[in-house]
There are 2 protein chains.
Amino acid sequence: MYTGTFELAEESKPIRDIAYDRLKHAIITGELPAGARIVETTYAEQLHISRTPLREALRKLERDGLVEYVLRHGVVVRAFTVADIEEIFTIRNAMMMLILPSVVERVTARDIAELRMLLSEMDVAQKEEDADALASFNRAFHSKIEHLTDKKRILRVIDDQEEYILRFSAITIASIVRRSKAHQEHHQMVDLLERHDLEGLEKLMEHHLEESKQTCLAAVANRK
Amino acid sequence: MYTGTFELAEESKPIRDIAYDRLKHAIITGELPAGARIVETTYAEQLHISRTPLREALRKLERDGLVEYVLRHGVVVRAFTVADIEEIFTIRNAMMMLILPSVVERVTARDIAELRMLLSEMDVAQKEEDADALASFNRAFHSKIEHLTDKKRILRVIDDQEEYILRFSAITIASIVRRSKAHQEHHQMVDLLERHDLEGLEKLMEHHLEESKQTCLAAVANRK
DNA sequence: TTAGTATGGGCTGTATACAGTGTACAATTT
DNA sequence: AAATTGTACACTGTATACAGCCCATACTAA
């Protein structure tokens, strides 16, 4: 019986999806570190729900690859190796190159305006060194660009891969604040988009992702 | 943290995974066509299981993108458009190009022998025009080559995409029987692998996948 | 000690009960 | 007849009960 334990709106979604979001968030923020075992009864109690919707959430996380299922042992948060990061960025970069033509082709003046709006907010966050704000704006910025494509399936692959590295965003963004070059690159991207300069954008994006990967790799190395 | 030990042996799978496999198979073979609604009670009864494991299977299929969940309406088998096929093959091809270097590097004499064994079985199936046998051998052949890589995540993306087009394999394989050139190409692939000829393999694979895509597209068009 | 063996608790796997919502269709009204 | 309301039914959403496995711990025997 759903007694309104989740007062935080989202009435439309089933509890299992709320549980899914919560668990995913916990994994991404590191609240649930790699190797942590997710015991159904414990988390069901903690979220004030029954095991049924929680288990359905776990099955989704399992297919996402965020947790690993061990027969008759439940699920465990999966660990990440350097090789994983390498592959994730390889995939992401390749997919990005596949969608960029459609992005450049489809971008409108309105999109540019919206991106510039985001940029100005990022300027502030950058100046104030507000890492949290910058993290969310950064994600929104990249997401907005990617979603300009009409290649839904490729986009899905990108989003999927992005999910994995979100775990390190807290760390990597902190260094982006320092590396203001990355922020300059965001401005350049919008300029290139406005000029529909595919080739320039390809080069810049590749460079940008490469730098991002290096930061990510450093973050993973430091974690040990 | 989970530090215990557990049996690595492949024991009996949970019912939910059996249900998952069954449903996936039903979707792939077309037994459950696009648009078909999967009613929990009906299928639970049919598989002689309760709704709980069935629902967990559905959550997996949902994340796979094979079915679509509608709030308070259950799941429906998703449809495929021509654009979907285009994208799937675009992704598959790009990912294939990413793993081929590692495949060429890692392939052993033993692998070549095993592939040749598969080929000889395919020769028979080809001669006897046994489409079913050829379909499974064809899949095994490609799977074997792909799994020579050590890039597990990229491989996963390939496998995921492959899953989608398996639905059309029955149709496409039938035409492969006619197009014996595709079968010749399989022989060439092994030869190129044996010679560690990356460039040649890249070209051949790209061509092979392109032909496969065309057949698939034709199959989808005919379905209407 | 060391190995082998009970045994109890914790947790997963599955079934089932029940609540609540949407839908189809009949009944009623205009 | 068209629109509206009422109502039963079908199906999903969630909770809960219960069985069985697995591991830890304790206990026994050599």
Side-chain angles (χ1 to χ4, degrees), chain A residues 1-24 26-27 32 35-64 66-78, chain B residues 1-24 26-27 32 35-64 66-78:
Chain A
M1 115 197 44
Y2 179 57
T3 52
T5 315
F6 285 96
E7 69 287 342
L8 295 177
E10 298 196 287
E11 305 269 14
S12 53
K13 277 199 249 183
I15 289 187
R16 62 166 178 271
D17 287 340
I18 299 174
Y20 171 74
D21 290 340
R22 286 280 290 268
L23 285 174
K24 182 145 76 174
I27 293 173
L32 276 171
R37 187 173 169 193
I38 301 179
V39 176
E40 295 172 8
T41 44
T42 307
Y43 278 84
E45 231 167 82
Q46 192 172 312
L47 300 175
H48 303 106
I49 63 176
S50 79
R51 281 176 58 215
T52 307
L54 183 81
R55 281 172 65 87
E56 295 188 34
L58 290 179
R59 295 292 92 77
K60 287 187 166 191
L61 290 171
E62 198 186 325
R63 284 305 292 171
D64 283 347
L66 288 177
V67 302
E68 192 172 359
Y69 163 74
V70 182
L71 189 67
R72 257 168 239 123
H73 237 277
V75 301
V76 174
V77 179
R78 283 180 64 167
Chain B
M1 297 266 177
Y2 173 62
T3 52
T5 53
F6 45 84
E7 306 259 344
L8 290 175
E10 169 89 13
E11 290 180 35
S12 61
K13 280 196 270 189
I15 290 186
R16 62 166 177 272
D17 287 339
I18 298 174
Y20 171 73
D21 290 340
R22 285 281 292 269
L23 285 173
K24 183 147 70 174
I27 293 173
L32 276 171
R37 187 174 167 196
I38 300 180
V39 176
E40 296 172 7
T41 43
T42 308
Y43 279 84
E45 230 167 85
Q46 193 172 310
L47 299 175
H48 304 288
I49 62 177
S50 79
R51 282 176 57 216
T52 307
L54 184 83
R55 281 172 65 86
E56 295 189 34
L58 289 179
R59 295 293 93 77
K60 286 187 166 191
L61 290 171
E62 197 185 326
R63 284 305 292 172
D64 283 347
L66 288 176
V67 302
E68 193 171 0
Y69 163 73
V70 184
L71 189 68
R72 262 167 234 118
H73 205 272
V75 300
V76 174
V77 179
R78 283 179 63 167

Rounded off to whole Å, could you give me the [atom1]-to-[atom2] distance for the [X] and [N] pair?
X	N	atom1	atom2	value
Glu45(B)	dC11(D)	CD	C1'	13 Å
Leu71(A)	dG13(C)	CG	P	7 Å
Leu54(B)	dA15(C)	CG	C1'	13 Å
Lys13(A)	dT14(D)	NZ	P	13 Å
Arg51(B)	dA19(C)	CZ	P	14 Å
Arg55(A)	dT14(D)	CZ	P	15 Å
Ile15(A)	dA19(C)	CD1	P	16 Å
Glu56(B)	dT14(D)	CD	P	14 Å

Could I get the full list of side chain to side chain contact (heavy atoms under 4.5 Å, CB included) partners for [X], not counting sequence neighbours?
X	result
Arg78(B)	Glu68(B)
Thr42(A)	Val39(A)
Leu32(A)	Leu23(A), Ala26(A), Ile27(A), Ala36(A), Ile38(A), Tyr43(A), Val77(A)

### Task
Check step by step if salt bridge (Lys or Arg N to Asp or Glu O under 4.0 Å) holds for Glu56(A) and Arg59(A).
CA-CA 5 Å; Glu56(A) 295 188 34; Arg59(A) 295 292 92 77; over 6 Å; no

(message) What residues from residues 35-44 of chain B pass a heavy-atom cutoff of under 4.0 Å to DNA chain C?
(response)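 Going residue by residue through residues 35-44 of chain B, none turns out to have a heavy atom under 4.0 Å of DNA chain C.
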
Between [X] and [N], is there a contact of a side-chain N or O with OP1 or OP2 at under 4.0 Å?
X	N	answer
Arg72(B)	dG22(C)	yes
His73(A)	dC23(D)	yes
Arg16(A)	dG13(D)	yes
Ser50(B)	dA15(C)	yes

Partners meeting side chain to side chain donor-acceptor pair (under 3.5 Å) with Arg16(B) (sequence neighbours left out)
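Partners of Arg16(B) under the side chain to side chain donor-acceptor pair (under 3.5 Å) test: Tyr69(A).
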
Task: Glu45(B), CD: over 12 other non-hydrogen atoms inside 6.0 angstrom - done: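 Open.
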
Discussion item. Holding to salt bridge (Lys or Arg N to Asp or Glu O under 4.0 Å), I want the full list of residues that pass it with Lys24(A), two or more places apart in sequence or in another chain.
Written reply: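 Partners of Lys24(A) by the salt bridge (Lys or Arg N to Asp or Glu O under 4.0 Å) criterion, ordered by chain and then number, come out as Glu163(A).
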
